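For the single chain, residues carry numbers from 1 onward in sequence order. What you see is a predicted model; the values in this text were computed from it and never measured. Ligands are counted one by one from 1 in listed order, and the atoms in each one are counted from 1 as well.
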Amino acid sequence: VEASIPEPQREAWKRNQITSFTDKDGFEKEVVRHVETTLARSMFNCDEIAAYSATSLAFRDRLITHWNRTQQRQTYRDTKRVYYLSLEFLMGRALDNAMLNVGLKNVAQDGLAELGFRIEDVVKQEHDAALGNGGLGRLAACFLDSLATLNFPAWGYGLRYRYGIFKQEIIDGYQVEVPDYWLDFNPWEFPRHDVTVDIQFFGQVNKKTVGGKTISVWEAGEIVQAVAYDVPIPGYDTPTTNNLRLWSSKASGGEFDFQKFNSGDYESSVADQQRAETISAVLYPNDNLERGKELRLKQQYFWVAASLYDIVRRFKKSRRSWNEFPDQVAIQLNDTHPTLAIVELQRILVDIEGLEWDNAWEIVTSTFGYTNHTVLPEALEKWPVGLVQHLLPRHLQIIYDINLFFLQSVEKAFPDDRDMLRRVSIIEESQPKMVRMAFLAIVGSHKVNGVAELHSDLIKTTIFKDFVEIYGPDKFTNVTNGITPRRWLHQANPRLSELIASKCGGNDFLKDLTLLNQLEKHVEDKQFRKEWAEIKYANKVRLAKHIKDTTGVVVNPASLFDVQVKRIHEYKRQQLNIFGVIHRYLSLKAMTPDQRKKQLPRVSIFGGKAAPGYWMAKQIIHLINSVGAVVNKDEDIGDLLKVIFLEDYNVSKAEMICPASDISEHISTAGTEASGTSNMKFVLNGGLIIGTCDGANIEITREIGESNIFLFGNLSEDVEDLRHAHTYGSHTIDSDLDKVFNEIEKGTFGTPHDFSAMIAAVRQHGDYYLVSDDFHSYIETHQLVDEAYRNQDEWIAKCITSVSRMGFFTSDRCINEYAEEIWNVEPLAVDRHSIWGP
Ligand code: GL9
């Protein structure tokens, strides 16, 4: 590439190469320059938002230099790349992360101080990039951080939603949704108006004969343009800066259809434009639920088609043969949302590039890997055949052909098993017929993985059992989830990170988290324990202040902070938690003042969003707030119990909450939470957890030891029998839970009718989530928590020991496992000296 540019030109470019700032003075210069030119402001009207903007622009310039060089290096070496396709990237804030990853936060802190700003206040000006619902989207964000940090040539592909997950307001104890318009000013994205793809929808398929060969031609009914927006992803302590490409939709052919405009049809040309822009307008706010909306399918195809076009275009530059495609490209499907990519690649290879079906299919299946994130039946994607036929007529034909060849091979292997064919068919023969996306993803991929050991075992024995028989067990594997310690320890809890560094030989543990094991030999060190406890206390003071500022409730930071923050869902059982809180309240009320004096003060903290259409989840939020309204002003109780609901839980709030918990709750019905990842965040920040034997809790227990976790409840292998017994046997409710229900029904927490459905779910409707079955063991375990917390010295020792054993849960380990077992890609070594530093 370089050889094609004449020497003098090349010299001029090199002579003028941009040098990034490396010290305080250089940083200040850049900030002032951006304030006074880019933002057209001055010293006299530079508020915190302007300081945030200018600081971001200064770091952004720096990242861009590295980002450009990373792309050049990857193109030049032309090794295999990974593409992570995810409909959600829950990134949170970028500035703090960029400063830390680049290693210049101290420089920025000093520089901002000289210019009159506190860095913490500046960082808080940034709006969260909230393009995700919860764990699945945050996992994608942690994976991007690890991919860059480990120097993998990798791209993320997603949608640039104009509205991310809604903002939650609590009004009179109820959730109210407010749109999250976040793009006002976003210095972290680069519009690439030159990188566009025309995406077609609707229309029909015609057969044509070209050179004696019959091919299918899809004539579009509608065309929408995809425009790329690039977000730089800096690795930690490395020049590698990868790319996250988000697609935005736009009417094709510029602003308006001028034909229509000129013929006087102005309104309809505006309508066309708005319809096109609607595709990438809003993130669907459901967690673990699929609702089969046409616009959602449009989003999926729009994003998948644009991404594949881009990937294929990049592959073609190297002029290799198609059979080398899987040696150059690995595509990971984050859940079934991008499954149409399988069909789209087969279409490109067969219809456009003219490959034979079998050859193309071999390439396709070698390219894709599929990650499953849930076994909940209501979350498994299915699309009505009629809808797919209407929107993507050629794709439906290809799906039918994929299914035909697949079923033929199954019939050959299992000749007398008609029912097997019915069970595994990609087309469900229901009314209406449905395309089963998970089955399509399995058939079109070479590896399928779950996200924790229990979950990966469960998918093999339940929802995908038949496929294990068909393909053998090797196609199915496990990659237990992880989190990036850069954001979730170093950034969220700087003081703890620093204390750990002082015992682990510096910051290397942030790149090799197993080095945390060096902490264990300091567990007995009194001074170390004291500093550890002081940091936890300071983090609780910070959260207490936030609680006071946002809810008006004063909580005592010396209380035990008990936290459950995650999406509100019946399977996650916030109802079990709040019923337990009511039980505690009733016990306290029944005590004499002398008895009360001996009790341990507690703050029960909840947070999380309910999907707007999930009525029961909204009732749970209302009950939590109603209980808080009564308990928090009860003078008999005082500090002994406070109940807090934190509004609008999101990534940046999680960064404040995780470091401040003493105990956090991960209490899903066994077998329902695929992994969970906040469990890892809380333990890594020196909090203990109470949990069921579910998801990654089991592996956390394996790593940190049974004596450092509070496990309770029924096991996943017993769930089916218990449910059966509820429905077909006599179902008796736990007597303590019954008292809680009676109290609610007396009206102690407001109109009983408001909560009757929650009670009926347990008493009358089979208690699907086993709230009553687990209640006794839950209450008992909380008593153990209280007892353990009284011995602060031992408690801190448990926390330190747990942290020292958390090395396994870094997302770096995940990425290395994916790279080795699924993608077959290697990191690209970087010469730090030639391009890093001044
Ligand atoms: C989820 C699972 O429910 C979690 O247990 C898991 O940790 C994450 C990441 O693998 O994936 N699956 C899922 O649909 N969601 C998850 O959090 N929900 C969303 O965030 C949409």
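- In terms of polar-atom proximity, His373 is counted as a contact of ligand 1, with an N or O under 3.5 Å from an N or O of the ligand.
- Shown in contact with Val451 at under 4.0 Å from a heavy atom are these atoms of ligand 1, numbered in order with element: 10 (O).
- Taking any N or O of Asn481, backbone or side chain, at least one lies under 3.5 Å from an N or O belonging to ligand 1.
- For ligand 1, the polar-atom distance check finds an N/O of Asp287 within less than 3.5 Å of one of the ligand's N/O atoms.
- Cation-pi geometry between Arg162 and Tyr181 is not satisfied (NZ or CZ under 6.0 Å from the ring centre, within 45° of the ring normal).
- Lys609 forms a cation-pi arrangement with Phe166, by the criterion of a distance under 6.0 Å to the ring centre and an angle within 45° of the ring axis.
- Under the rule for a side-chain contact (heavy atoms from CB on, under 4.5 Å), the partners of Ala140 that lie at least two apart in sequence or sit in another chain are Tyr84, Ser86, Phe89, Asn334.
- For ligand 1, one of its N or O atoms has an N or O atom of Gly676 under 3.5 Å away.
- Each of the following atoms of ligand 1 lies closer than 4.0 Å to a heavy atom of Asn133: 21 (C).
- Of all atoms in ligand 1, numbered sequentially from 1 with element shown, those under 4.0 Å from a heavy atom of Gly135 are 8 (C), 9 (C), 17 (O), 20 (O).
- Near Gly134, with a cut-off below 4.0 Å to any heavy atom, the atoms of ligand 1 are 20 (O).
- Within the listing of ligand 1, atoms 5 (O) sit less than 4.0 angstrom from a heavy atom of Ala674.
- Looking at ligand 1, you won't find any N or O of Asp335 less than 3.5 Å from one of its N or O atoms.
- Considering all non-hydrogen atoms of both residues, Phe682 and Ser661 come closest at CD2-OG, 3.3 Å.
- Between Glu177 and Lys618, at least one side-chain nitrogen of the basic residue sits less than 4.0 Å from a carboxylate oxygen of the acidic one, meeting the salt-bridge criterion.
- Between Glu655 and Arg487 a salt bridge is recorded (basic side-chain N to carboxylate O distance below 4.0 Å).
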Pair up each side-chain donor or acceptor in residues 814-821 with any protein partner under 3.5 Å, not counting sequence neighbours, and list the distances.
from: Asn816; atom 1: ND2; to: Asp812; atom 2: O; distance (Å): 3.3
from: Glu817; atom 1: OE2; to: Arg813; atom 2: NH1; distance (Å): 3.4
from: Tyr818; atom 1: OH; to: Asn449; atom 2: ND2; distance (Å): 3.0

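- Residue Asn288 holds the heavy atom nearest to atom 13 (C) of ligand 1 of all those in Asn288, Leu90, Asn334.
- Applying side chain to side chain contact (heavy atoms under 4.5 Å, CB included) to Thr371 and the options Val448, Val451, Leu136 leaves one that passes, Val451.
- The closest protein non-hydrogen atom to atom 16 (C) of ligand 1 is Leu136 N, 3.7 Å.
- Of all atoms in ligand 1, numbered sequentially from 1 with element shown, those under 4.0 Å from a heavy atom of Tyr571 are 3 (O).
- The six-membered or imidazole ring of His782 lies away from that of Phe712, with a centre-to-centre distance of 6.0 Å or more.
- Nearest to atom 5 (O) of ligand 1 among the protein's heavy atoms is Glu673 OE1, 2.7 Å.
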